[in-house]
Amino acid sequence: MNISEEVEKIYPFLVSTRKYLHEHPESSLKEYETSKFIKQELDRINIDYVTVGETGVLAEIKGKNAGKTIFLRADMDALEMNDAKDADYKSKNQGLNHACGHDAHTAALLGATKILAI
């Protein structure tokens, strides 16, 4: 597998996912819609997951061979501050903003999940 080629294939997904998450930020431990979105994406690619706490999501991809375990993690909460940018994907949730980059972290991890699940 050529990972660069696989990333190119899902690049539009990565961009649209990051923009969607940026538009819909949620504060820490209140990421109900974000969690729902992540679970829907995992369902689309047939990845098993469990809910951790109220909003956490833990997915598992089993390889073909037994061996070491790798754990990948991304935060998904937003900062409690207004989004001052002028972009089509500006936050729609007043007083919340993904200025921290967690929208990108979550999108990247979903992308990695898609590639690793191949």
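Between Glu26 and Asp77 there is no side-chain heavy-atom pair separated by less than 4.5 Å. With a 4.5 Å cut-off on side-chain heavy atoms, Val57 and Thr51 do not count as touching. Using a 4.5 Å cut-off on side-chain heavy atoms (C-beta onward), Pro25 and Asn97 make no contact. Counting only heavy atoms from C-beta outward, the side chains of Ile38 and Leu110 approach each other to under 4.5 Å.
In this view, Tyr20 and His24, Phe37 satisfy the ring pair (Phe, Tyr, Trp, His ring centres under 6.0 Å) rule, not counting sequence neighbours. For the side chain to side chain contact (heavy atoms under 4.5 Å, CB included) test, residues two or more places apart in sequence or in another chain that qualify with Ala59 are Leu42, Ile47, Tyr49. Under the rule for a side chain to side chain contact (heavy atoms under 4.5 Å, CB included), the partners of Arg44 that lie at least two apart in sequence or sit in another chain are Glu41. Scored by the side chain to side chain contact (heavy atoms under 4.5 Å, CB included) test, Ala84 finds no partners at all (sequence neighbours excluded). Under the rule for a side-chain hydrogen bond (donor to acceptor under 3.5 Å, both in side chains), Asp48 has no partner lying at least two apart in sequence or in another chain. Residues satisfying the side-chain hydrogen bond (donor to acceptor under 3.5 Å, both in side chains) criterion with Glu60, sequence neighbours excluded, are absent altogether. Every residue two or more places apart in sequence or in another chain that forms a side chain to side chain contact (heavy atoms under 4.5 Å, CB included) with Ser27 is listed here: Lys30, Glu80, Leu96. Qualifying side-chain hydrogen bond (donor to acceptor under 3.5 Å, both in side chains) partners for Thr17, counting only residues two or more places apart in sequence or in other chains: none.
Applying the ring pair (Phe, Tyr, Trp, His ring centres under 6.0 Å) test to residues at least two apart or on different chains, none of the pairs has a partner in residues 53-75. Screening residues 90-118 for ring pair (Phe, Tyr, Trp, His ring centres under 6.0 Å) gives His102-His105 as the qualifying pairs, with residues at least two apart or on separate chains. Listed by first then second residue, pairs satisfying salt bridge (Lys or Arg N to Asp or Glu O under 4.0 Å) with a partner in residues 87-106 read Arg18-Asp103, Glu23-Lys92, not counting sequence neighbours.
Note on Val15: it does not cluster hydrophobically with Leu109, by side-chain heavy-atom contacts below 4.5 Å among ILVMFWY residues. Residues Phe13 and Ile118 fall within the same hydrophobic cluster, defined by Ile, Leu, Val, Met, Phe, Trp and Tyr side chains chained together at heavy-atom separations under 4.5 Å. Both Leu72 and Met1 are part of a single hydrophobic cluster, where members link through side-chain heavy atoms under 4.5 Å apart.
Atoms CE and SG, from Met76 and Cys100 in turn, are 12.0 Å apart once rounded to the nearest 0.5 Å. Taking NZ from Lys39 and OG1 from Thr34, the interatomic distance works out to 11.5 Å, rounded to the nearest 0.5 Å. With rounding to the nearest 0.5 Å, the separation of CD1 in Ile45 from CD1 in Ile61 is 6.5 Å.
Closest approach of His22 to Tyr89, counting heavy atoms only: CD2-O, 3.2 Å. Across every non-hydrogen atom of Ser91 and Asp83, the tightest pair is N-OD2, 2.9 Å.
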Between side-chain atoms of residues 3-10 and protein atoms elsewhere (two or more places apart, or another chain), which donor-acceptor pairs fall under 3.5 Å?
unit_1: Glu6; atom_1: OE2; unit_2: Lys9; atom_2: NZ; d: 3.2

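Counting non-hydrogen atoms of neighbouring residues, nucleotides and ligands closer than 6.0 angstrom, the OH atom of Tyr11 reaches no more than 12 such neighbours. Shown here is Gln40, whose CD atom has more than 12 heavy atoms of other residues, nucleotides or ligands within 6.0 Å.
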